[in-house]
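Encoded as structure tokens, the structure appears first; notes follow it.
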Amino acid sequence: MADLDATCNPLLKRAKLATEDQFMHLASTNSPAAIVTPGVADATVQPSSEPISAPSSSVAPASTVPVSPPSVFPGVSHCPVYHPTIKEFENPLQFIESVRKEAEEYGICKIVPPPQWQPDFKLKDTPFKFGTRLQPTYKLYNRLGTTSVFEESLRLHLESEGISLDKWPAIGGIDVDLAAMFRVVAEFGGCQSIIDNGLWPTVGTRIRVPLLKPRDEERLQAYYYKYLLSYSMLGPEDYARLEQQARVNLQASSSQRAEADFGFGTGRPHTLTSFEKIANAFKQTWYPHQAPTSDTIETDYWNTVQGHNRVSVLYGSDIDSTVYGSGFATSLDDPYSKFGWNLNVLPGLPESVLKHASGISGISMPWLYIGMLFSSFCWHVEDNYLYSINYMHFGSGKRWYATPARHAEAFEAAFRRRLPQEFERNPHLLHDIVTQLSPELLVEDGVPVCTTVQQAREFIVTFPRAYHGGYSEGYNCCEAVNFAKPDWLRWGYKAMSDYRLQCRPVSLDQVKLILEIASDEAKPTILRDTLPLLTSILDKHRKLRSHILSMGHITAIDYDTFAKVLPQALRFLNASDEKATSSSTMRSSTFSMEAKPSQASALFGAGRMSMSTTRKRQLDQQPIVCDRCRHVCSLATVYVPEPGTVPEDPHDMWAEEAMELLREGNFACLECYIQYVQPLPMTHGTQLVDVRSLQELEMVQARVQRRLRVAQCSKC
């Protein structure tokens, strides 16, 4: 965490919002360097401390609706598109708040900056290598993909020859469609005709596999010899026999063959240059004669998702900007580092509640996304139902789909109805972010869907609990980050409750965040939104705590004393920072605690509450988590010394992914203790551990109430 703070916090602390004058100066000189007013050091203005409102008037900025149909699918609507003026563009969170009432009814909106907004892409000359994911596009809906009669017949034949097809042949990370190659070679008169006429490059184009390296033609020919040559020499009776057996196999074993642990594989590392080369070549194989329309790509994409083509692509996703660098300016000498629309700055703006969080990679610190044709970001909702904002630095369009939060349950129901077997095998399928469902099917099921195509220099904002997904139309580079305005707090509270019922580990401890806001926030507007949630949390905590203590056989003990008396129970808190943060550097969508590499050390270590330094450091690095529901025990926990006393949830969707969180000693949140542990035989030595004392919590609540009274009196 020290490294993250050192690189990013100075920018957040010193960055201030650009003013209309600076944009006008930029327009007159057409130079990014002209943003800073000559002769004035850091000539910017702090954002107003007034409540968030429409930037220029009480009337919300009007959205525009494109004339062309939004999608090839009937019933899909346009999302709102906004073109803010220079004045409206001054403060991002104020502008987003001004359009929220309209835009959140769609789930997403597009924001097109004024023409003067021309930030450089800061990584264009940086020769960094990033990891890629191999996405089998043809399996994003049906896990069997194109396991056609032909492929199963071929597999049976190769097994009889002692050849395995478990690892599918690929060139440059792109799957070779063996069925298509078999047909194309036959059309050209067979393998010898292809060789005699030098047609392997043509075959590669026809089957949509770019042959970029000198030996790629030889590899393609070698794949034909290995997998297809002997198959092509079979007679009609052999084909009939294999096809009959293939149909029986596919019908009998479809449920067993589907992949319960389906996910994206690891592709080769790439530089921007090498990725661009393969991305452009791949798109050229699809559209060799003319640039495709967005409608054409949309049709081809969803045909591929439905399994009509065997296509796999690469996606450079979840590239940590704290490791590889951001596409936005981070040097304080660069004028664009002072703009709130810089995604390194936006989460820490005064109106943002995430400014009370330490840097969390992928949440409050941006990630980069480098895509090619058909690179997919599958349907999902943001962690903790946060807002997100995505900016395209350059490249081809990016198609987005979304549905609003008020239809989230209907969306989930449609997914389950369309993919019942997949949900039976994998109940947290939607959390895995590896499944696409056509907007056409969602509309048929009564779920409203909107869409837009994001172009370079445009922002996409997703609203809390709005499901969204899409794909790239070609080579492009985007950068994204989460943020949270005060209105999000109620959504975060709901996410906390939903996650607890799902036994899902949290990416962000909502209770601790609310306590941090209550302790440190100065803006009355934010405190007003915080107080009802804080009061609700504390009232519930008092009742649960009082109920447990009334049982008579449990005593309360403060955390510091507990740590001294039973240090072995907390030995997991003494693990090194490296161990706590070494789980993964790449997003694993199936498990949120792995999804954020700095998660274990970043559950909000910026608090100034009266906690001992040692206790605060330990709990920031490794919070106490309930062994049943994985709820972070920020206020109190019940320690049960007898192993195995806290029962597992038989319907736990996250048991396998959360094994790293389970402790040898048994900790339960107060709710789980009352509901699942207390009815069991009493275990000697059970103690209620106050992570924070009631007095401490009541002081925080009183501080908020006092500040709001002072703010009210100052208005009078």
Side-chain angles (χ1 to χ4, degrees), residues 134 136-138 145-243 246 265 267-268 270 274-290 292 300 303-304 307-314 372-374:
L134 183 61
T137 312
Y138 68 103
T146 54
T147 307
S148 61
V149 172
F150 174 87
E151 288 189 10
E152 185 62 20
S153 299
L154 178 62
R155 191 186 303 274
L156 290 170
H157 168 69
L158 291 175
E159 285 178 356
S160 70
E161 299 284 322
I163 299 173
S164 172
L165 198 55
D166 290 340
K167 184 178 181 181
W168 201 265
I171 295 177
I174 307 300
D175 276 6
V176 175
D177 189 336
L178 294 178
M181 183 159 66
F182 185 80
R183 291 193 302 269
V184 170
V185 171
E187 287 177 18
F188 283 117
C191 183
Q192 192 59 48
S193 176
I194 298 290
I195 296 171
D196 293 343
N197 294 285
L199 295 177
W200 283 116
T202 304
V203 173
T205 300
R206 288 281 302 275
I207 66 174
R208 294 161 178 162
V209 175
L211 305 179
L212 299 177
K213 296 181 179 180
R215 301 195 63 179
D216 282 350
E217 292 181 30
E218 296 177 19
R219 294 178 65 194
L220 191 62
Q221 180 177 324
Y223 283 147
Y224 184 87
Y225 282 159
K226 180 176 181 179
Y227 297 111
L228 296 174
L229 182 61
S230 63
Y231 188 76
S232 70
M233 300 171 67
L234 298 177
E237 293 182 0
D238 295 320
Y239 287 134
R241 175 179 52 79
L242 287 170
E243 288 178 7
R268 295 178 181 176
H270 279 275
S274 66
F275 192 89
E276 179 182 15
K277 188 175 181 180
I278 193 171
N280 290 341
F282 177 73
K283 189 172 183 178
Q284 185 67 23
T285 65
W286 274 82
Y287 310 108
H289 303 301
Q290 61 183 10
D300 289 341
N303 282 339
T304 301
H308 296 176
N309 308 294
R310 186 186 185 101
V311 176
S312 293
V313 299
L314 300 174
M372 62 188 293
L373 179 69
F374 299 160

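Counting begins at 1 with the first residue of the sequence.
Expressed to the nearest 0.5 Å, how far OH of Tyr227 lies from CG of Leu165 amounts to 6.0 Å. In this structure, the separation between CG on Asn280 and OG1 on Thr285 is 11.0 Å, given to the nearest 0.5 Å. Distance CD/Glu151 to CG/Leu158: 11.0 Å, rounded to 0.5 Å. Here the CG-CD distance, from Asn197 to Gln192, works out to 10.0 Å after rounding to the nearest 0.5 Å. Remark: Leu199 CG to Glu187 CD distance equals 12.0 Å, nearest 0.5 Å. Interatomic distance, Thr137 OG1 to Asp300 CG, rounded to the nearest 0.5 Å: 12.0 Å.
Between Arg208 and Asn309, the closest heavy-atom pair is NH1-OD1, 4.0 Å. Across all their heavy atoms, Asp166 and Arg155 have their closest contact at OD1-NH1, 4.2 Å. Annotation for Leu314 and His270: closest pair CD1-NE2, 3.8 Å, computed over non-hydrogen atoms. Closest of all the heavy-atom pairs between Ile278 and Leu212 is CA-CD1, 3.6 Å. Looking at every heavy atom in both residues, Met372 comes nearest to Ile174 through CE-CD1, 4.1 Å. When all heavy atoms of Tyr225 and Cys191 are compared, the pair lying nearest together is CE2-SG, 3.5 Å.
Arg219 contributes a side-chain N or O that, together with a main-chain N or O of Ala170, makes up a donor-acceptor pair within less than 3.5 Å. A donor-acceptor pair under 3.5 Å links the side-chain atoms of Tyr239 to the main chain of Tyr231, judged by distance alone. Between the Ser193 side chain and the Phe188 main chain, a donor and an acceptor come within less than 3.5 Å of each other. Looking at Asp175, its side chain never comes within 3.5 Å of a backbone N or O of Asp177 through a donor-acceptor pair. A side-chain donor-acceptor contact under 3.5 Å links Ser153 to the backbone of Val149. Asp238 places a side-chain N or O within 3.5 Å of a backbone atom of Gly235 that can act as its donor or acceptor partner.
Not less than 6.0 angstrom separates the ring centroid of Tyr224 from the ring centroid of Phe182.
The closest side-chain heavy-atom distance from Leu228 to Tyr223 is not below 4.5 Å. Within the 4.5 Å cutoff, side-chain heavy atoms of Val176 are placed close to those of Ile207. Inter-residue side-chain proximity for Met181 and Val209 is flagged as unmet; no heavy-atom pair is nearer than 4.5 Å. Annotation: side chain of Ser230 is in contact with side chain of His157 (closest heavy-atom distance under 4.5 Å). Counting heavy atoms from C-beta outward, Val203 and Arg206 have side chains that stay 4.5 Å or more apart. The shortest side-chain heavy-atom distance between Leu178 and Pro169 falls under the 4.5 Å cut-off.
For Gln290, the CD atom counts as loosely surrounded, since its 6.0 Å shell holds 12 or fewer non-hydrogen atoms of other residues, nucleotides or ligands.
Aromatic ring orientation, Phe374 versus Trp286: perpendicular (interplanar angle above 60°, classes split at 30° and 60°).
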